[in-house]
Number of protein chains: 2
Amino acid sequence: MSVGRPSSAKARRARIPEPTVARLPQYRRLLEAMDDRRIATVSSVELADAAGVNAATLRRDLSCLGTCGTPGTGYDVPRLREMVDRALALGRDWPVVIAGAGYLGHALARSRGFNSGGFRVAALVDIDPAQVGTVVAGAVVVHLDELDDVVRRERVALGVVATPASAAAEVVRRLATAGVGAVLNFAPGFVAAPPGVTVRNVDLAAELQVLTFYAARSVPSPTDGAGAPGRALG
Amino acid sequence: MSVGRPSSAKARRARIPEPTVARLPQYRRLLEAMDDRRIATVSSVELADAAGVNAATLRRDLSCLGTCGTPGTGYDVPRLREMVDRALALGRDWPVVIAGAGYLGHALARSRGFNSGGFRVAALVDIDPAQVGTVVAGAVVVHLDELDDVVRRERVALGVVATPASAAAEVVRRLATAGVGAVLNFAPGFVAAPPGVTVRNVDLAAELQVLTFYAARSVPSPTDGAGAPGRALG
DNA sequence: GCATGTGAACACATTCACAGCA
DNA sequence: TGCTGTGAATGTGTTCACATGC
């Protein structure tokens, strides 16, 4: 704890806790909106309130990025925005392949979040002959057997699984074989990660069930004066 | 620590930690699959391995439900399944209203997870005249102005927001006013919860960005022999 | 013998509170 | 004075390890 540049060098390659990583996209969006409105500076309290987190938590989150806010002033919005982008490895080109051209696949392919900030849907893959050859939001639907070609040609590093549950494990395996390094799986059920591949499971039905849990705890007990505090989760 | 039935009464109304609640749907699905295959008993190690969690964690999770596994044998699958269902307040009827009949709204309305286990899409609401009056997977699309009627008539307790971000806050407000007690918000950005309402924000674009963070940490460093362990997140 | 359920240890994240600096 | 960045305290979840009971 002595040598080198004081702040940046210290935190440059420090491990970032998972909860912090999960909050970064939220900060990013707020900073983007502020930047668009030409807001030059923001304090930790302002940003934290907008994000719905504690100000100390926000400051600690940002300190992981090796940021330099200015005491007495706050954070420089464009600069902070750039640092968050860098931490999330955004800004560079991230071609995505979506496996499964059903309703969810279509919805994701058309969503802004999958077509901005460096993300770009390079292609969708499916096995349904009725889908193969069609174009969704500028991206072609190709047959699953062409997956390797697409991944190699477009240098795809990210895969999204929007197939039925029964196909998910096999599709993840094929994505991994094709060279995709990270997969976002929307199919229900736990899919184990092949070696060297990061798999993130997002289960929309599970989210609904978790919500139910909290709803059931507040709804059937209308006896609490002001009611449950109505905290926002997630 | 003495009176009453030893296990169940003690844990019956204990607070369940949020991470535990988030894992319950996963256990539920596995138990359902085992039950269908007529598997009568399961040990904590087996179930934990299938779910990708530590066995001690699983046992502690289940102990929150006031369960009784049998030492030397394991857990009774049908019985445990029922207890998880009860904890999640499933089994009863949960009518859902989906706000936003775009691609995501359609995908959710058609998904199995939103139409089983007690969940039922009572209606979709939108303001697009081209959508209003159409039927999606057996559910009608009605105008946003009819929200109050639908919620009252169908006793809707759960709302799902699948609108553009710009409309999300207002739609959550209207859902709350209509009497919906819990909302699952898929629109990007933090939506504060009105008093007495639980709001759970699920940001699909953020999931992709989080994935990128981990992908970037493993991809550009192909120097680690066996590579990153490829842990499954989420 | 074998698997549950849980006290105790540990690891981690959040929050407070304040030193230090603009 | 105002706000950042962080040591220290707190709170929470995970994991170990074993007593207990089938």
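Residue numbers begin at 1 in each chain, while the letters A, B, ... track the order of the sequences.
- Atom CZ of F119(A) has more than 12 heavy atoms from other residues, nucleotides or ligands within 6.0 Å.
- For R59(A) and dC16(C), the shortest distance from a side-chain N or O to OP1 or OP2 is not below 4.0 Å.
- Using a distance-only test at 3.5 Å, with no hydrogens or angles considered, no donor-acceptor pair links the side chain of N201(A) to the main chain of P188(A).
- Following rounding to the nearest Å, E18(B) (CD) and dG13(D) (C1') show an atom-to-atom distance of 12 Å.
- Within the 4.5 Å cutoff, no side-chain heavy atoms of V171(A) are placed close to those of N185(A).
- For dC16(C), one of the phosphate oxygens OP1 or OP2 lies less than 4.0 angstrom from a side-chain nitrogen or oxygen of N54(A).
- Annotation: of the two residues near DNA chain C, G72(A) and R23(A), the 5′-most nearest-nucleotide partner is R23(A).
- The closest side-chain heavy-atom distance from T70(A) to D76(A) is not below 4.5 Å.
- Considering only the side chain of R15(B), dG13(D) comes nearest among dG13(D), dA13(C), dC3(D).
- The CG atom of L58(B) sits 17 Å away from the P atom of dG13(D) (whole-angstrom rounding).
- At least one side-chain nitrogen or oxygen of T57(B) sits closer than 4.0 Å to the OP1 or OP2 atom of dT15(D).
- Atom CG of L47(A) is separated from atom C1' of dG2(D) by 17 Å (rounded to the nearest Å).
- Within the structure, a side-chain polar atom (N or O) of S44(B) is placed less than 4.0 Å from OP1 or OP2 of dT4(C).
- In this structure, the CD1 atom of I16(B) is 13 Å from the P atom of dT14(D), given to the nearest Å.
- Under 4.0 angstrom from either OP1 or OP2 of dG5(D) there lies at least one side-chain N or O belonging to Y75(A).
- The nearest whole Å value for the distance from the CG atom in L65(A) to the P atom in dT4(D) is 14 Å.
- Distance from the side chain of T70(A) is smallest to dA22(C) among dC16(C), dA13(C), dA22(C).
- In this structure, CG of L62(B) is placed 16 Å from C1' of dT15(D), rounded to the nearest angstrom.
- Closest to the side chain of S43(B), from the set dA3(C), dA13(C), dT6(C), is dA3(C).
- Annotation: side chain of S44(B) is in contact with side chain of Y75(B) (closest heavy-atom distance under 4.5 Å).
- Going from atom CZ of R60(A) over to atom C1' of dT6(D) covers 6 Å, rounded to whole Å.
- Counting to the nearest Å, the C1' atom of dG5(D) and the CE atom of M83(A) are 14 Å from each other.
- Along DNA chain C, the nucleotide nearest T20(A) and the nucleotide nearest V42(B) are compared for position; the residue whose nucleotide lies closer to the 5' end is V42(B).
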